[in-house]
Amino acid sequence: MKRILLCCLAICCIFAFTACAPAAQTGESFAMDTIITQTVYAKNDSVIGQNNQILRDIENKMSKTIPTSDIGRMNAQNTQDVEISDDTAQVLKTCVEHAALTDGAFDPALGGLMAAWGFGTQNAHIPGEAELEGLLAHTDYNAISAGVNEDGKAFANAGGTQVDLGGAGKGYALDRLAQNLTDNGVSSAILSLGGSIYAVGTKPDGSAYKIGIRDPSGSENDYMATLELDGKFVSTSGTYERGFTQDGTYYSHILDPKTGYPVKNELASVTVICPSGILSDIYSTALFVMGPEKGIAFAHGQGVDALFLTNDKQMIATDGFAEKYGLSITNKDYHG
Ligand code: ADP
Ligand code: MG
């Protein structure tokens, strides 16, 4: 009798759980120049729509190619103060602070250089030496200034540079989406914005969310390893994105702000995991520029988890990386 009762109780519990467990909602959209995929377990069926609205809002404030955005207006005004949104002010502040912290390996003032190289456009090409020299003179995050005027409104000044938040925007957007999930009481979701991913909780069957780390030598859907993510942000910067080949040489879209040229080191990609989306994005770019030796030392100093992949398929990771994230190598060509 007792056993039957227990059985009934168990069945009731399962029914109660499945009745309460929110259904999966999925969405695929395009914003910030990238494909966005979302899987969210939420009772409220408007969460994905809310997230898409947040993304559009961020793009309209921070895209350098939208003339009316905060960044579009800052770049057009060049050396004059421009009123900007609090969101853009916050991102600018984080970018400038981390430009200093990374000794300029990350520099949000390199919009002029990026435009000259024309990555991702029909006009991608190697700029002339004189053009690069001229642009380098206007590539310095120290020139960017920001503040709050008497009316309490945020303003900023590009200081003669061209601001480009391409190395931080997607990570910041993920921070905002993650906050919206929390606000909606969502405890299980996975969001992907190009090279930046956030996952929280577990799948309905209780298993962890697994993220694939792209194989830089393969095509878009090839992974060299998987890792488990819960409540953290992962960003990868790789040479395979948005680069171009001229005269037999490949030029990647990650620039060394000190030389004005694409970074040319032994790295194929850098993956960074940390509790902040914007920092995972900034650091993945910065560590790529620093290279593995300096980058690993820097990551250890900042308490950031990072995995570097070299062109000859060597993996270099910060201490305890594999254990912390259940790293599972799926392409055995990669070695430690
Ligand atoms: P993706 O945008 O493809 O996800 P990243 O996160 O690595 O890749 O960011 C690359 C973008 O960041 C470039 O498209 C450019 O806008 C900007 N960028 C490139 N090099 C740097 C750099 N050294 N510092 C700051 N931003 C950079
Ligand atoms: Mg980045």
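Read the numbers this way: they start at 1 and go in the same order the structure lists the ligands and their atoms.
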Minimum-distance protein heavy atom relative to [atom]:
atom: atom 10 (C) of ligand 1; result: His253 NE2, 3.5 Å
atom: atom 4 (O) of ligand 1; result: Lys170 NZ, 3.2 Å
atom: atom 17 (C) of ligand 1; result: Gly167 N, 3.7 Å
atom: atom 15 (C) of ligand 1; result: Met114 CE, 3.4 Å
atom: atom 7 (O) of ligand 1; result: Ser237 OG, 2.5 Å
atom: atom 24 (N) of ligand 1; result: Asp107 N, 2.9 Å
atom: atom 26 (N) of ligand 1; result: Phe106 CE1, 3.8 Å
atom: atom 22 (C) of ligand 1; result: Leu110 CD2, 3.5 Å

Donor-acceptor side-chain pairing of [X] and [Y] below 3.5 angstrom:
X: Asn311; Y: Glu266; result: no
X: Ser284; Y: Ser237; result: yes
X: Thr121; Y: Asn123; result: no
X: Ser69; Y: Asn60; result: no
X: Gln77; Y: Asn157; result: no

Subject >> Cationic N near anionic O, under 4.0 Å, Asp87 to Arg176 >> reply: yes
**OP:** Just jot down the salt bridge (Lys or Arg N to Asp or Glu O under 4.0 Å) partners of Asp164, sequence neighbours excluded, or say none.
**Re:** Lys64
**OP:** Under 4.0 Å from a heavy atom of Arg242: give me the atoms of ligand 1 that qualify, with their elements.
**Re:** 3 (O)
Original post:
Which of the numbered atoms in ligand 1 are below 4.0 angstrom from a heavy atom of Val289?
Top reply: 23 (N)
**OP:** From atom 16 (O) of ligand 1, work out which of Asp164, Asp281, Asp256 has a heavy atom at the shortest distance.
**Re:** Asp164
Could you say whether the N/O atoms of [X] and ligand 1 ever approach to under 3.5 Å?
X: Ser284; answer: no
X: Thr285; answer: yes
X: Leu255; answer: yes

Subject >> Heavy atom of Pro257, distance to ligand 1 below 4.0 Å >> reply: yes
Original post:
What closest approach, in Å, do Ile84 and Ala156 show between heavy atoms, and which atom pair accounts for it?
Top reply: CD1-CB, 3.6 Å
Original post:
For the side chain of Asp222 and the backbone of Ser219, is there at least one donor-acceptor N/O pair under 3.5 Å apart?
Top reply: yes
Subject >> Thr285 near the Mg ion (ligand 2): N/O/S under 2.8 Å >> reply: yes
Original post:
Looking only at heavy atoms, is any part of Ala105 under 4.0 Å from ligand 1, and if so is it the side chain, the backbone, or both, or is it neither?
Top reply: backbone
Subject >> Thr34 contact mode with ligand 1 (heavy-atom cut-off under 4.0 Å) >> reply: neither
**OP:** Could you tell me whether Glu220 atom CD has more than 12 heavy atoms of other residues or ligands within 6.0 Å of it?
**Re:** no
Original post:
Between His98 and Tyr283, is the gap from one ring center to the other below 6.0 Å?
Top reply: yes
